[in-house]
Amino acid sequence: MIIGNGPVITNDPANPFVHDGAVVVKGDSIVAVGPVAEIRAAHPGEQMLDVGGRVIMAGLINAHTHAYSAYARGMAIHQPTRSFTEILENLWWRLDRLLTLQDVELNAGTTFIESIRNGVTTVFDHHSSPNAVSGSLQRMADVAGLIGIRTSLCYETSDRDGAGVLAAAIAENALFMKQVNTDEQDMVKGLFGLHASFTLSEASLDAVCAAKEGIAGGFHVHVAEAAGDEADSQAKYGRRVVQRFDDHGMLGPETIAAHCVHASPDELDLLRDRDTSVVHNPHSNMSNAVGVASVVDMLARGLRVGLGTDAYTPDILASAQVAKILASDHLADPTAGFGEALQLAFVNNPKICSTFFRKDLGVLRAGTYADLITVAYRPNTPLDAESAGGHILFGMNGSQVNDTMVNGAWVMRDRQILTVDEAAIFARSTQRAPHIWAQM
């Protein structure tokens with residue numbers, strides 16, 4: 001299939017932009033990218049999908065989010081949420097304890113559909129449902145498979161719900177990782193999910209590491225999101241959070257450290273030296289008033305910093321835009337953040353994916369997975385290789401995504417989800433949510 005007749009933002013430094021371009025897809029992969037006239041001449045037998053001038057881009061990547069939070073949208077909060085601790089205890093930890101496997105399925109369905117609608121083709125999710133642990137990751141994987149989205153899934157292990165839930169969470173992560181971290185498929189992968197240092201004892205970390213021994217894959221954990229995480233670690237263990245995790249051998253290229261807002265310079269250097277990925281979540285950090293991650297400094301130090309939404313929005317383009325604005329404001333420098341935001345979303349998120357998936361994602365070139373989108377964006381100024389970043393950060397948004405392809409198959413065409421009954425899933429969620437709200 002040829003997808004063409006529009007500008008192509010390839011995200012490939014060797015061929016970053018094609019004015020009137022086309023992409024050739026065969027099976028699950030891209031086999032060619034170039035000017036539409038040349039592509040059609042070289043592939044005369046291929047069916048042509050004319051995008052009518054829409055922008056063709058690689059599928060977007062969300063490197064950290066929480067589908068389990070889906071019912072919270074519009075929900076009244078009747079408990080204090082004046083600090084990050086109260087936000088956790090009185091909102092998220094009350095909500096996740098109410099979830100059944102039915103809710104896990106509905107939350108995954110609505111979240112993954114909204115991701116596809118916003119051009120996100122790969123999602124790294126961090127799940128929690130303490131009273132429905134066993135089978136929760138496979139339930140999410142099944143939903144992802146039906147919808148057709150690429151995922152990395154994990155369960156949020158912690159001590160906060162007791163020894164039984166801790167043991168179930170450890171078992172859930174280990175079993176799921178064994179099942180999916182193979183060469184047999186590349187649509188869903190598993191990480192070992194951990195909540196944060198302040199909800200995991202030394203004995204629990206020892207149990208986690210023992211259970212993971214010999215299992216492919218790394219960890220996905222919140223790190224120094226709020227100042228209290230660091231204070232807790234220093235008071236209890238005499239070490240800062242990153243050093244504590246490193247002492248347990250948990251850092252490395254397959255581990256994702258989300259947030260790192262309060263990580264010290266020494267901790268950032270340790271994360272870099274261990275080649276561990278950091279994921280910035282600007283919407284969430286601002287909303288929770290936990291502080292501002294030193295993203296510009298992190299990148300200058302050589303860290304691989306990606307971008308997530310932390311469930312605040314399904315729109316990773318919006319997250320990139322806020323990342324730019326937040327850096328400029330925080331540093332009192334209007335020139336700061338522009339290149340960094342683009343690097344997070346369009347350079348480092350693909351790099352993070354390359355650690356887990358066999359073929360490259362987030363780029364359009366021969367040999368990569370055919371995860372791509374078309375965007376109904378009509379620029380009123382020139383769109384070319386030099387200006388594309390400015391158009392992305394100041395003009396595009398997820399609602400402009402018209403078509404979404406994952407692994408060579410259309411999941412959305414002309415804003416219509418093709419793989420599942422979107423209306424039925426959202427109707428079930430709308431019907432179920434009030435029962436959850438009533439218990440909050």
Side-chain angles (χ1 to χ4, degrees), residues 62-73 75 77 79 81 84-112 123-144 151-177 188 190-201 204-205 207-208 211 219-223 225-226 229 256-259 279 281 284 288 308-312 429 432-433 436-437 439-440:
N62 187 344
H64 179 73
T65 195
H66 301 277
Y68 82 82
S69 70
Y71 289 149
R73 187 179 299 171
M75 181 176 67
I77 308 301
Q79 303 293 325
T81 54
F84 186 59
T85 299
E86 289 185 346
I87 289 170
L88 291 175
E89 293 177 345
N90 296 335
L91 171 55
W92 301 121
W93 293 352
R94 289 173 65 88
L95 174 62
D96 68 5
R97 291 184 182 114
L98 298 173
L99 303 178
T100 67
L101 285 178
Q102 173 197 15
D103 299 310
V104 173
E105 178 180 323
L106 286 173
N107 293 167
T110 56
T111 297
F112 294 160
V123 171
F124 286 73
D125 190 82
H126 198 278
H127 175 63
S128 181
S129 54
N131 291 308
V133 179
S134 299
S136 59
L137 295 182
Q138 187 58 56
R139 187 68 67 96
M140 295 183 74
D142 290 344
V143 174
T151 55
S152 169
L153 305 175
C154 70
Y155 187 90
E156 182 180 287
T157 308
S158 81
D159 293 332
R160 62 183 170 86
D161 291 293
V165 174
L166 172 73
I170 291 173
E172 179 71 3
N173 279 303
L175 176 62
F176 186 74
M177 293 173 75
V188 56
L191 290 169
F192 207 115
L194 307 172
H195 175 244
S197 173
F198 70 95
T199 59
L200 286 159
S201 68
S204 295
L205 288 184
V208 163
F219 298 90
H220 189 167
V221 57
H222 303 92
V223 173
E225 182 175 359
D229 195 16
I256 291 175
H259 300 289
V279 176
N281 301 275
S284 170
N288 291 331
T309 66
D310 207 21
Y312 193 96
S429 179
R432 172 64 177 162
I436 300 294
W437 290 5
Q439 301 175 72
M440 289 291 291

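Note that the numbering runs from 1 along the sequence shown for the chain.
- Checked for salt-bridge contact, Asp96 and Arg160 meet the test: a charged N lies under 4.0 Å from a carboxylate O.
- Atom NE2 in His127 sits 11.0 Å away from atom OG1 in Thr111 (nearest 0.5 Å).
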Exercise for review: Kindly determine whether Phe192 and Val221 satisfy side chain to side chain contact (heavy atoms under 4.5 Å, CB included), including the steps that lead there.
Suggested key: CA-CA 8 Å; Phe192 207 115; Val221 57; over 6 Å; no
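- Ring orientation note: the planes of His259 and His222 are close to parallel, at an angle under 30° on the 30°/60° scale.
- For the pair Leu101/Ser136, a side-chain contact is recorded, criterion being any heavy-atom separation below 4.5 Å from C-beta on.
- Ala141 and Leu153 get closest at one heavy-atom pair: N-CD1, 3.6 Å.
- Shown here for Met75 and Leu91, the closest heavy-atom pair between the two residues is CE-CD1, 3.5 Å.
- Pairing each heavy atom of Pro130 with each of Val133, the nearest pair is O-CG2, 3.4 Å.
- Side-chain atoms of Asp159 and Phe198, non-hydrogen and from C-beta on, never get closer than 4.5 Å to each other.
- Aromatic rings of His195 and Trp93 (six-membered ring for Trp) have centroids within the 6.0 Å cut-off, being under it.
- Minimum heavy-atom separation, Thr65 to Thr309: OG1-OG1, 3.5 Å.
- Residue Val208 comes nearest to Thr157 through the heavy atom pair CG2-CG2, 4.2 Å, listed as atom of the first residue, atom of the second, then distance.
- In this model, no donor atom of one side chain and acceptor atom of the other lie less than 3.5 Å apart for Thr81 and Asn90.
- Centroid-to-centroid, the aromatic rings of His64 and His66 come within less than 6.0 Å.
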Practice item. Check step by step if side chain to side chain contact (heavy atoms under 4.5 Å, CB included) holds for Leu166 and Ser204. Key: CA-CA 8 Å; Leu166 172 73; Ser204 295; 3.4 Å; yes
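- Of the candidates Arg97, Arg432, Arg139, Asp103 forms a salt bridge (charged side-chain N to carboxylate O under 4.0 Å, His left out) with just one, namely Arg432.
- Taking 4.5 Å as the limit, some side-chain heavy atom of Asp125 sits within range of a side-chain heavy atom of Met140.
- Contact annotation: the side chain of Trp92 never approaches that of Ser128 to less than 4.5 Å [non-hydrogen atoms, C-beta and beyond].
- Contact between Ser284 and Glu225 at its shortest, heavy atoms only, is OG-OE2, 4.2 Å.
- Side-chain contact between Phe124 and Ile256: present, with at least one pair of heavy atoms (C-beta onward) separated by less than 4.5 Å.
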